[in-house]
Amino acid sequence: CLIFVITWSSVLGLEPCRAPLQWEGRWVLYDHSTGRNSRAAVSYDGLNQRIRVLQQHKKHTPCQKFFEYIYLYQSMVVFQIDQKTKDCSKLTLTDAWDPFDIPDNSTFEEQYFIGGPGDSVEAQEWSDRKPARRHETWVGVYTLKDCYPVQETYTRNSSVATSTRFFNLQLGISDPDVFTPPSTCQSARPERMAESAC
């Protein structure tokens with residue numbers, strides 16, 4: 001018995017666009033379990049499977065420590081660097097590389113303009129929704145013109161886990177050295193540093 005699965009994307013003849021493999025910009029990551037936003041400058045290198053995240057300082061968060069994170073997925077390690085003291089932790093990555101792109105088997109959800117009248121940013125929304133599953137676990141919004149990420153949302157156990165909004169993206173990596181851990185990481189500690197100094 002053969003079962004044919006027909007998705008809206010195949011009916012409409014739509015294929016996911018190809019997101020840029022290297023870019024820099026900013027993001028706001030919202031963790032729904034803690035209710036916290038984390039703002040950061042980001043360098044993304046999909047070719048070499050690495051990401052650098054530089055947390056943005058906020059004056060209204062007393063006791064908060066700010067870190068730089070260098071994720072090196074080919075080595076399955078992440079470096080956590082205290083921006084003030086340059087103390088460094090070297091941790092094992094447990095999650096596999098998950099690029100910022102639209103997977104080939106994604107389901108087309110909708111196409112729309114972001115903003116109001118006169119705004120010209122057109123975007124497509126895709127998900128991993130399948131007919132046999134109740135809810136999607138990933139929804140991604142990407143610009144139609146250049147396929148830049150706008151927002152990605154992940155859910156676990158039917159509740160939203162994280163939402164990431166992207167903005168001010170620029171093509172390419174201006175300084176490849178941002179993926180090289182500083183010399184203080186040669187004597188890195190093996191445990192994660194606390195995010196609060198209080």
Sidechain-backbone polar pair: N168 side chain, R26 backbone, donor-acceptor under 3.5 Å: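 Flag not set: sc N168 to bb R26 has no pair under 3.5 Å.
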
Atom pair [atom1]/[atom2] of [X] and [Y] - distance to nearest 0.5 Å:
X    : Y    : atom1 : atom2 : result
F179 : R52  : CZ    : CZ    : 8.5 Å
E110 : S127 : CD    : OG    : 11.5 Å
S38  : E195 : OG    : CD    : 7.5 Å
R39  : Q55  : CZ    : CD    : 12.5 Å
E15  : I102 : CD    : CD1   : 11.0 Å
Q80  : Y71  : CD    : OH    : 8.5 Å

With side chain to side chain contact (heavy atoms under 4.5 Å, CB included) as the criterion, how do E136 and T155 come out once you've worked through the C-alpha distance, each side chain's angles and the decisive distance to 0.1 Å? CA-CA 8 Å; E136 60 273 338; T155 59; 5.7 Å; no

Would you tabulate the side-chain donor-acceptor contacts of residues 16-24 under 3.5 Å, counting partners in other chains and residues two or more places apart, or write 'none'?
unit_1: R18; atom_1: NH1; unit_2: D104; atom_2: OD1; d: 3.0
unit_1: R18; atom_1: NH2; unit_2: D104; atom_2: OD1; d: 2.7
unit_1: Q22; atom_1: NE2; unit_2: D45; atom_2: OD1; d: 2.9
unit_1: E24; atom_1: OE1; unit_2: S174; atom_2: N; d: 3.2
unit_1: E24; atom_1: OE1; unit_2: S174; atom_2: OG; d: 2.9
unit_1: E24; atom_1: OE2; unit_2: S43; atom_2: OG; d: 3.3
unit_1: E24; atom_1: OE2; unit_2: S174; atom_2: N; d: 3.3
unit_1: E24; atom_1: OE2; unit_2: S174; atom_2: OG; d: 3.2

May I have all residue pairs that pass salt bridge (charged side-chain N to carboxylate O under 4.0 Å, His left out) and include part of residues 84-101, sequence neighbours excluded?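 Output for this query lists D87-R189.
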
Answer with yes or no whether the hydrophobic clustering places [X] together with [Y]; edges join I, L, V, M, F, W, Y residues whose side-chain heavy atoms lie under 4.5 Å apart.
X    : Y    : result
L29  : I51  : yes
V150 : L14  : no
Y154 : Y142 : yes
Y148 : I173 : no
L171 : F167 : no

[X] to [Y] - nearest heavy-atom pair and separation:
X    : Y    : value
L54  : Q83  : CD1-NE2, 3.5 Å
E152 : F166 : N-CE1, 4.1 Å
A188 : S89  : CB-C, 4.0 Å
L93  : V77  : CD1-O, 3.3 Å
W126 : Q124 : NE1-OE1, 3.1 Å

Could you walk me through whether V139 and E125 pass side chain to side chain contact (heavy atoms under 4.5 Å, CB included), step by step? CA-CA 7 Å; V139 176; E125 187 174 300; 3.7 Å; yes

Derivation and outcome, side chain to side chain contact (heavy atoms under 4.5 Å, CB included), residues L169 and W27: CA-CA 9 Å; L169 301 189; W27 76 24; over 6 Å; no

Qualifying residues under ring-ring contact (aromatic ring centres under 6.0 Å, His included), relative to Y30, sequence neighbours excluded: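 Listed in chain order: H32.
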
If you count every heavy atom of other residues, nucleotides or ligands that lies below 6.0 Å from Q170 atom CD, does the total exceed 12?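 12 or below, so no.
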
Who passes salt bridge (Lys or Arg N to Asp or Glu O under 4.0 Å) against E109, sequence neighbours left out?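 Salt bridge (Lys or Arg N to Asp or Glu O under 4.0 Å) list for E109, sorted by chain: R129.
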
Can you give each donor-acceptor pair under 3.5 Å made by side-chain atoms of residues 113-122, sequence neighbours left out, with the distance rounded to 0.1 Å?
unit_1: D119; atom_1: OD2; unit_2: G116; atom_2: N; d: 2.6
unit_1: E122; atom_1: OE2; unit_2: Q111; atom_2: NE2; d: 2.8

With sequence neighbours excluded, give me every ring-ring contact (aromatic ring centres under 6.0 Å, His included) pair touching residues 75-99.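 Every pair satisfying ring-ring contact (aromatic ring centres under 6.0 Å, His included) with a residue in residues 75-99: Y44-W97, Y73-W97.
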
